[in-house]
Amino acid sequence: MFDNLKNLAQQALGEKLDPQALAGNLDPQAVGQAVSEHLGTMDGGQVADHLQTAATNLQQQGQGDMAQQAMALVSQLQSNPSGAKDAIVAFVSSNPQVLQHFAPSFAQGILSRLGS
């Protein structure tokens, strides 16, 4: 698992993330904890921006269902920030491959917490 995390961190720093690696051996509970910790360092506007970036990238890659989920989270973030953060944690934990569609800084923040 540590080799997988090392590869993911390297990819987050400079390369496109490999969706197969992201969907591979990552523990959903550990991913959820890392996402939760990372979201705790950001304000709602930053989180919304990252979700919108992911939604745009997902749409461009033909993953409309996932893009819609990301945009629904943006809407939820505006009306219920604490509930939205829990939903974002669940969304990324259930679909770790979605990290490749976020900005590298967002993915790196999560992946760095997985290695600690």
Side-chain angles (χ1 to χ4, degrees):
M1 179 166 162
F2 288 111
D3 287 338
N4 192 25
L5 291 174
K6 179 182 169 189
N7 291 337
L8 293 174
Q10 288 172 339
Q11 291 171 350
L13 289 172
E15 302 173 18
K16 187 173 180 176
L17 296 173
D18 178 7
Q20 291 178 335
L22 285 170
N25 297 321
L26 295 180
D27 174 20
Q29 185 174 355
V31 172
Q33 180 67 31
V35 173
S36 181
E37 289 173 9
H38 188 57
L39 291 176
T41 67
M42 306 170 79
D43 66 37
Q46 291 172 310
V47 175
D49 288 346
H50 284 296
L51 283 167
Q52 288 175 335
T53 296
T56 299
N57 292 338
L58 284 160
Q59 190 67 44
Q60 289 174 350
Q61 296 296 315
Q63 297 180 16
D65 289 345
M66 298 273 287
Q68 287 179 347
Q69 289 179 41
M71 287 309 296
L73 291 170
V74 171
S75 296
Q76 185 177 355
L77 192 58
Q78 294 168 349
S79 63
N80 180 5
S82 62
K85 288 190 177 185
D86 291 341
I88 294 164
V89 168
F91 175 63
V92 177
S93 298
S94 299
N95 306 288
Q97 70 279 9
V98 78
L99 286 172
Q100 70 177 318
H101 299 287
F102 283 93
S105 62
F106 184 84
Q108 180 185 358
I110 294 168
L111 295 172
S112 68
R113 285 169 172 77
L114 283 170
S116 54

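Just so you know, these numbers use all the heavy atoms, side chains as well, and skip hydrogens, waters and symmetry mates. Everything numeric here is computed off the predicted structure, so don't read it as measured data. Start at 1 with the first residue, then count along the sequence.
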Once you round to the nearest 0.5 Å, how far does OG of Ser36 lie from CG of Asp86?
7.5 Å

Can you measure from CG (Asn80) to OG (Ser75) and round to the nearest 0.5 angstrom?
12.0 Å

If you round to the nearest 0.5 Å, how far is CD of Gln59 from NE2 of His101?
11.5 Å

Does any N or O in the side chain of Gln46 come within less than 3.5 Å of the main-chain N or O of Asp43, such that one atom is a donor and the other an acceptor?
yes

So the ring-ring contact (aromatic ring centres under 6.0 Å, His included) pairs with at least one residue in residues 57-88 (sequence neighbours excluded) are none

Take Ser105 and His50, measure what side-chain contact (heavy atoms from CB on, under 4.5 Å) needs, and give me the verdict at the end.
CA-CA 10 Å; Ser105 62; His50 284 296; 3.9 Å; yes

What pair of heavy atoms forms the shortest contact from Gly32 to Val89, and how long is it?
O-CG1, 3.5 Å

Using every non-hydrogen atom in the two residues, find where Leu99 and Ala107 come nearest and quote the distance to one decimal.
O-CB, 3.8 Å

List for me each residue that meets ring-ring contact (aromatic ring centres under 6.0 Å, His included) alongside Phe102, sequence neighbours excluded, and say none if there are none.
Phe106

Ala87: side chain to side chain contact (heavy atoms under 4.5 Å, CB included) partners, not counting sequence neighbours
Leu73, Gln76

Give the minimum heavy-atom separation between Ala67 and Ala55, together with the two atoms involved.
CB-O, 3.4 Å

Does the Thr56 side chain pair with the main chain of Gln52, one donor and one acceptor, at a distance under 3.5 Å?
yes

From Leu51 CG over to Asp49 CG, what is the distance, rounded to the nearest 0.5 angstrom?
9.0 Å

For Glu37 and Gln33, does a side-chain donor sit closer than 3.5 Å to a side-chain acceptor?
yes

Check whether any side-chain heavy atom of His38 lies under 4.5 Å from a side-chain heavy atom of Val92, and answer yes or no.
no

Compare every heavy atom of Gly44 with every heavy atom of Leu77, then report the nearest pair and how far apart it is.
CD2-O, 3.2 Å

Just how far is it from atom OG of Ser93 to atom CD1 of Ile88, taken to the nearest 0.5 Å?
11.5 Å

Atom CD in Gln97, atom CE in Met66: separation rounded to 0.5 Å?
5.0 Å

